[in-house]
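Working notes, beginning with the structure itself.
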2 protein chains.
Amino acid sequence: MGYTDVDKLAINTIRLLAVDATFKSNSGHPGAPMGMAPVAHVLFNKIMNYNPKNSKWINRDRFVLSNGHGCMLQYALLHLCGYKLSMDDLKAFRTLDSVTPGHPEAHDTDGIEVTTGPLGQGFSNAVGLAIAQHHASAEFNRPGFELFNHYTYTFLGDGCMMEGVASEAASLAGHLQLGNLIAIYDDNHISIDGDTNCAFTEDVVKRFEAYGWHTEIVEDGDHDLEAMEAAIKKCQAVKDKPSLIKLRTTIGFGSKMQGTGGVHGSPLKADDIKQVKIKFGFDPEKTFVVPQEVYDLYHKRGAEGAAKEQEWEQLLAKYSQTYKAEAADLKRRLTGDLPEGWEKNLPTYSPSDAAVATRKLSETVLTKIHQAIPELVGGSADLTSSNLTRWKDAVDFQPPSLGIGDWSGRYIRYGVREHAMGAIMNGLAAYGTVIPYGGTFLNFVSYAAGAVRLSALSHVRVIWVATHDSIGLGEDGPTHQPIETLAHFRALPNCMVWRPADGNETSAAYYVALTAKHTPSIIALSRQNLPHLENSTIGKAIKGGYVVSEAEKADITLVSTGSEVGICVDAAKYLKEKHNLTARVVSIPCFEVFDTQSKEYRLSVLPDGIPSLSVEVMSTMGWERYTHEQFGLNRFGASGAYKDVYKKFEFTPEGITKRAIATIDFYKGVPNLRSPINRAFQQLI
Amino acid sequence: MGYTDVDKLAINTIRLLAVDATFKSNSGHPGAPMGMAPVAHVLFNKIMNYNPKNSKWINRDRFVLSNGHGCMLQYALLHLCGYKLSMDDLKAFRTLDSVTPGHPEAHDTDGIEVTTGPLGQGFSNAVGLAIAQHHASAEFNRPGFELFNHYTYTFLGDGCMMEGVASEAASLAGHLQLGNLIAIYDDNHISIDGDTNCAFTEDVVKRFEAYGWHTEIVEDGDHDLEAMEAAIKKCQAVKDKPSLIKLRTTIGFGSKMQGTGGVHGSPLKADDIKQVKIKFGFDPEKTFVVPQEVYDLYHKRGAEGAAKEQEWEQLLAKYSQTYKAEAADLKRRLTGDLPEGWEKNLPTYSPSDAAVATRKLSETVLTKIHQAIPELVGGSADLTSSNLTRWKDAVDFQPPSLGIGDWSGRYIRYGVREHAMGAIMNGLAAYGTVIPYGGTFLNFVSYAAGAVRLSALSHVRVIWVATHDSIGLGEDGPTHQPIETLAHFRALPNCMVWRPADGNETSAAYYVALTAKHTPSIIALSRQNLPHLENSTIGKAIKGGYVVSEAEKADITLVSTGSEVGICVDAAKYLKEKHNLTARVVSIPCFEVFDTQSKEYRLSVLPDGIPSLSVEVMSTMGWERYTHEQFGLNRFGASGAYKDVYKKFEFTPEGITKRAIATIDFYKGVPNLRSPINRAFQQLI
Ligand SMILES: [Ca+2]
Ligand SMILES: [Ca+2]
């Protein structure tokens, strides 16, 4: 404790950096930084351990600004601490190609743990970080070697508090008794629509207690630094519950408009800035001022953190002597590389193997690889027996006190919380020691769209095991049958959507998903059994698309994915037998990966001169890039036995044949028919 | 009160109908119907008012089965009551084209209020129904004329309880003090992954109290019918809070597997069925048995409901004499038709009018039409000042006790709860007396994807006012800039995605959205100002696509939407001036509506013989259906002033020109170039 005028000066410095930066960019949110500067100062000066010179130190305390619109707070802190964020970067706030974008982006800016801004996400990421640490502690700590013992802190405002994803994550965090997680709720009574009284009058503290959290209340978040520090320390001492501190603050503290919505999302006016600078004892004519004693204070703290890391590195060195294998495993994990030879465990199949649902083939992959890849941590949103995401002898990740698992467990029971699962997986992936996968029905990945988008944007390796991937799920009916889902996520940049057709393709999907360090994957898997294809191999399938069945002088190319590839193979036979027409068959299990192949290769798969027809039992949107004509389902499905549903919509050899003939006829007169692979110009990437 | 053996018989009849139907279809969920049959029986026999012969009676009690997988419970009840659901329909459970699909679908089945199954949605729909009733009461009830005084009941299980959307809706319901809403929570300690102890250990009752709900607990939900009835009646008496009854039940009651996950999602085994029938005193050799006294009991209740409706109709007749205008308004609303001449209020514009953001033009539409369409009820997910969704003198929908609005208010402060807003709007639209619209940023409509999908599937008129619709939002950056969003919702069947380019197109979007009784709409609107187009009219724009600028012997057609249409017009000038190339310009503000036009019309807009280039600052996915080449953004955006961002990605006359020339060159040698409007065959609809 023991706060002096320098602390006050530092707090006001942070506030004014936010004021100046938002004014200069004529855009942004000064209110939250001005209100939360005191607690941020306490946290970064008296509580958190970090080394600004190595933002990747694995035992650093994690900090997540869930109310990411307040990012000038975080940028100011990172600058003061000495991270790679200069005064010029602050001045470039919200300008093109700066490292200080409008909301914090982890892959752009040193010291940002996760990409936040979409409300509720950062808090849920923090739950993921806290889970990852509990898990890493159980895996790597040894008596006398507490390699992992840090905390995860997160700030959140009313917006995050109202979002369902945060509620889901909070409930799970309470269940999991994540004692290393401390959330600080900026209770400023203001959201964009004005006083929270207009929409948000619940008792937040009581709600979190209901979830099983420890709670603290600090009444004067504007001034009472001692109370803030004391509350945080009390929370640190509670080891078997996550903690929430409700901190009463004044949004836009110091502004003439403080405590109102007027300071939330727009820069302060010039005269207001003038008065606030005078009030804080700063020169009203100067901007972007950092008094040297403030730099000194923060650099001192940074140096202490660097020393702590040094100590830790020595501990790790000692650990490495006693626990060689564990240390090597940890160091390897931190590179993001998988253990050498792991891929030899991937199962391969031949056409004589029995037909199996790809969800079951996925289970086989997980069963075969989980020992080779110890960082693989799975789970399901309460659909384990349907998603088949759990290898048989998996240990559940649970607080030991429940008696149904322990912290070293590698299987997370997410409950019916798809959105939180997605956001938590983003936190798990960001942590550095685990690769998360999670199961639900493909249709319900949409519930987590907000989180999936951030997986893609922030370049994290997260894997969705998305079973029951089409009308092929049958009786559950249209409420559960995805139509638009693949198109949705195929349209999302940096997101691999896989829809394997058989065993080898399923292995290929996992191979690419696991080795793509900076891209999330959604693996869409069938409920129904599928035959193994004649020509599939892992090597071919990892190209994203390949020829399943080649033919000389073909009349048509049938192009498909997943459960429809086998039907296309049958349709090709039917076309030959009944109509003496020759069809090639192509499988494109992943657009995103196929698109990265050379044009020459892509044209070998989808050649000029042959009309092509795509076949996929869902929205045809996006297929026009690959095929001339599209057979799909641009309507909702139906409830019934899956074979009846396929028949109703004519996804049968006969139904495909009908459309193949129409396609052949339609392109008969066209000279030099070009493959859609040929484009007039390249897309921006 | 006063329950007899007939009640017990009725309860077991319901249980066995669920057992027989799931066994026959070899699919479905017997556990929830067997566990909840007692409370369902109490509710449908002693509590709820409904007329099975007129499922649309507006003052009926509403019932929503949020745990929709238990739909055999509801189908059995509807059959017993005498709705249009025969014994043959029960036997056709989960078979193709039956009215008894795998999850309840409102537009398929008489007596189903809303489409449920995706967890958390039904509960949130029920909040919408309860809001709609509070609103209708305030609008139409008069002293001595309580036209609206029913309740909304909803059942939900652990799955719904865990979903964030339900948490959001529950928080808002508590804030709004919805005294007419009674939720019954099936606390059976089982979810698909087994004991809820593995993921869901929070104190649900305490959580709902924190939201401001009244709560009751019934310990023996398997037998204690009196306690259930008493709890429901206590909840009815609480007028200023929604109520939750936690009901301890045994999932699969009567089965040998009762109380376990084994009865959740699979039919009972034959021998188990035998023993449960014997236990319940039924003939084990018979299936689908309804004792006559059970029919009698339910038909008696149905007749009482019919009599209540008669009384109500008389009340309405009397009301119609005193309150002519109100009665006429109510009757009209129930037809779904808008007031005659309302569309005369839609603003029109000419090119000389000042450039305005389409979000602002949307505000003008709402301002001009809200008096003509009294059923229009708006709101925003805490972005009112950004979405511009509130006309100036709007009254907020609020409990009067808060002093900031009243029940007649037509503007709902949803809070930062996009997903609940979507699901609540589905309930509002299903109610019958209001047409809901709600605002958020386009990017965050994705948070509500689960609800939007159900709007489309269940054919409800819901309007999303989705502002900040592209990288044109500028500084907020990639976390807020939609790339995949339009593709996502364009791929969703029965969902209109509008992206108007100017004032007349904005009016057209509202015209079609408001008159499409059975289709939801998403209206994507710009943050930045846009010029009014030379050739736009409401009449043209309501066709979904039209020629903005025609030209003889054109070299290319530029096809665009929203903020890029004006840039295409400039690009056409640039092409002419700098390259002596002639470009036509086409606007397609809504794919879904354009697709319904005649082929002749569509070919007149996108003719054969002219290469075409689409221009839209987001994913190009889907544009291949309309144009030969696509200029878009298949990557994430950037944070910066919007003009800088547009320039970075070359969405300028120069950037478009470059690609237009590439397109013209690419198709130069192609004889008889066909418009993409020509297809080899029709899609299934
Ligand atoms: Ca706030
Ligand atoms: Ca349950």
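All values below were derived from every heavy atom in this structure, side-chain atoms included, with hydrogens, water molecules and symmetry-related copies excluded. In what follows, chains are A, B, ... by sequence order, proteins preceding strands, each numbered from 1.
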Legend entry - Side chain / backbone / both / neither for A/Ala662 at chain B, heavy atoms under 4.5 Å: both
Inset, instruction - Specify the closest pair of heavy atoms between B/Asp476 and A/Arg94, including all atoms of both residues, with the distance to one decimal. - result: OD1-NH2, 2.7 Å
Inset, instruction - Could you tell me which portion of B/His628 (side chain, backbone, both or neither) has an atom closer than 4.5 angstrom to a non-hydrogen atom of chain A? - result: backbone
Inset, instruction - Against chain B, label A/Asp396 side chain, backbone, both or neither, depending on which of its atoms sit under 4.5 Å from a heavy atom there. - result: neither
Inset, instruction - Please round to the nearest 0.5 Å and tell me the distance separating atom CE of B/Met161 and atom OG of A/Ser171. - result: 11.0 Å
Inset, instruction - May I ask you to check whether B/His419 and A/Tyr447 place their ring centers less than 6.0 Å from one another? - result: yes
Inset, instruction - Inspect the contact between B/Arg417 and A/Glu163 and indicate whether a charged nitrogen and a carboxylate oxygen are less than 4.0 angstrom apart. - result: no
Legend entry - Flag side-chain contact, heavy atom, 4.5 Å: B/Ile404 against A/Cys198: yes
Legend entry - Six-ring centre of B/Tyr667, A/Arg674 cation under 6.0 angstrom, axis tolerance 45°: yes
Inset, instruction - Report the relative orientation of the aromatic rings in B/His480 and A/His103; use parallel for angles under 30°, tilted for 30 to 60°, perpendicular for over 60°. - result: parallel
Inset, instruction - Find out whether B/Thr384 and A/Ile192 are in side-chain contact, i.e. whether some heavy atom of one side chain is under 4.5 Å from a heavy atom of the other. - result: no
Inset, instruction - Answer yes if the side chains of A/Thr479 and B/Arg453 hold a donor-acceptor pair under 3.5 Å, and no otherwise. - result: no
Legend entry - Side chain / backbone / both / neither for A/Gln481 at chain B, heavy atoms under 4.5 Å: backbone
Legend entry - Crowding at NZ, B/Lys647 (>12 non-hydrogen neighbours, <6.0 Å): no
Inset, instruction - Side chain from CB out, backbone as N, CA, C, O: work out which of these in B/Phe631 comes under 4.5 Å of a heavy atom of chain A, or both, or neither. - result: both
Inset, instruction - Using distance alone, with no hydrogens and no angle criterion, decide if B/Arg625 and A/Thr620 have a side-chain donor and acceptor under 3.5 Å apart. - result: yes
